[in-house]
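From a predicted model like this one, the values you see are computed outputs, not experimental measurements.
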Amino acid sequence: MVAYLLGCDKAPRKYRIQLQNSTIPSRTVFNYAVSRYQQDYDREEIWKRYFLALPELRRIIEYRCINSLAELEYRAAEYFTERRT
């Protein structure tokens, strides 16, 4: 979703590090699609304390009139689906 907001194929590493260093509640889950463990963050908290808390991402979200994490997920999925075709 960060990559979508920034208009690139892969999010810069600094965003992943910021998320990993945050205190946003999460749990470790196994993702069978990619055969690895990953963090599953609390949806409400990641929206408020990550996407809306980082000034650069917040400006893009406001400019594109994105109102929720669900809407951001949908737009990011559409963006990457269209890029592959």
Side-chain angles (χ1 to χ4, degrees):
M1 290 182 284
V2 171
Y4 158 71
L5 290 171
L6 299 175
C8 53
D9 291 329
K10 187 175 180 181
R13 190 169 187 262
K14 72 175 188 174
Y15 289 97
R16 186 178 65 227
I17 292 168
Q18 286 175 311
L19 183 58
Q20 289 170 339
N21 291 335
S22 74
T23 59
I24 299 170
S26 66
R27 62 189 175 116
T28 303
V29 296
F30 189 76
N31 183 333
Y32 289 95
V34 293
S35 298
R36 66 181 169 98
Y37 285 94
Q38 62 189 45
Q39 292 305 114
D40 180 28
Y41 292 91
D42 179 279
R43 295 179 59 78
E44 202 171 304
E45 293 299 313
I46 198 169
W47 176 245
K48 290 189 302 192
R49 293 171 46 192
Y50 182 73
F51 288 103
L52 297 180
L54 296 175
E56 181 179 9
L57 298 182
R58 184 182 190 104
R59 278 193 299 276
I60 297 167
I61 287 167
E62 289 172 350
Y63 178 77
R64 294 184 185 175
C65 300
I66 298 171
N67 297 306
S68 66
L69 182 61
E71 184 177 356
L72 175 57
E73 289 170 324
Y74 179 80
R75 289 191 190 193
E78 267 192 338
Y79 172 78
F80 285 108
T81 299
E82 290 173 4
R83 287 180 62 118
R84 290 186 185 120
T85 58

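Residues L72 and R64 are not in side-chain contact: their nearest non-hydrogen atoms beyond the backbone lie 4.5 Å or more apart. The side-chain heavy atoms of T28 and Q38, taken from C-beta on, include no pair separated by under 4.5 Å. When side chains are defined from C-beta on, Y50 does not count as touching M1, because their heavy atoms never get closer than 4.5 Å.
To the nearest 0.5 Å, atom CG of residue L5 and atom OH of residue Y63 are 13.5 Å apart. S26 OG to I46 CD1: the interatomic distance, rounded to the nearest 0.5 Å, is 9.0 Å. Between the NZ atom in K14 and the CD atom in E56 there is a gap of 5.5 Å [rounded to 0.5 Å]. Remark: L19 CG to Q39 CD distance equals 8.5 Å, nearest 0.5 Å.
Within 6.0 Å of the CD atom in E44, the count of heavy atoms belonging to other residues, nucleotides or ligands does not exceed 12.
Here the closest non-hydrogen pair linking R75 and I66 is NH1-CG1, 3.5 Å. Here the closest heavy-atom approach between residue E71 and residue C65 is recorded as OE2-O, 3.6 Å. Shown here for F80 and D9, the closest heavy-atom pair between the two residues is CE2-O, 4.0 Å. The minimum heavy-atom distance between R49 and P25, with the atom names listed, is NH1-CD, 3.9 Å. Scanning both residues, L6 and I60, for their nearest heavy atoms gives CD2-CD1, 3.9 Å. When all heavy atoms of W47 and N67 are compared, the pair lying nearest together is CZ2-C, 3.8 Å.
Not a single ring-ring contact (aromatic ring centres under 6.0 Å, His included) links Y74 to another residue, sequence neighbours left out. In this structure, the salt bridge (charged side-chain N to carboxylate O under 4.0 Å, His left out) partners of R58, at least two apart in sequence or on a different chain, are E62.
Clustering of Ile, Leu, Val, Met, Phe, Trp and Tyr by side-chain heavy atoms under 4.5 Å joins Y37 with F30, Y32.
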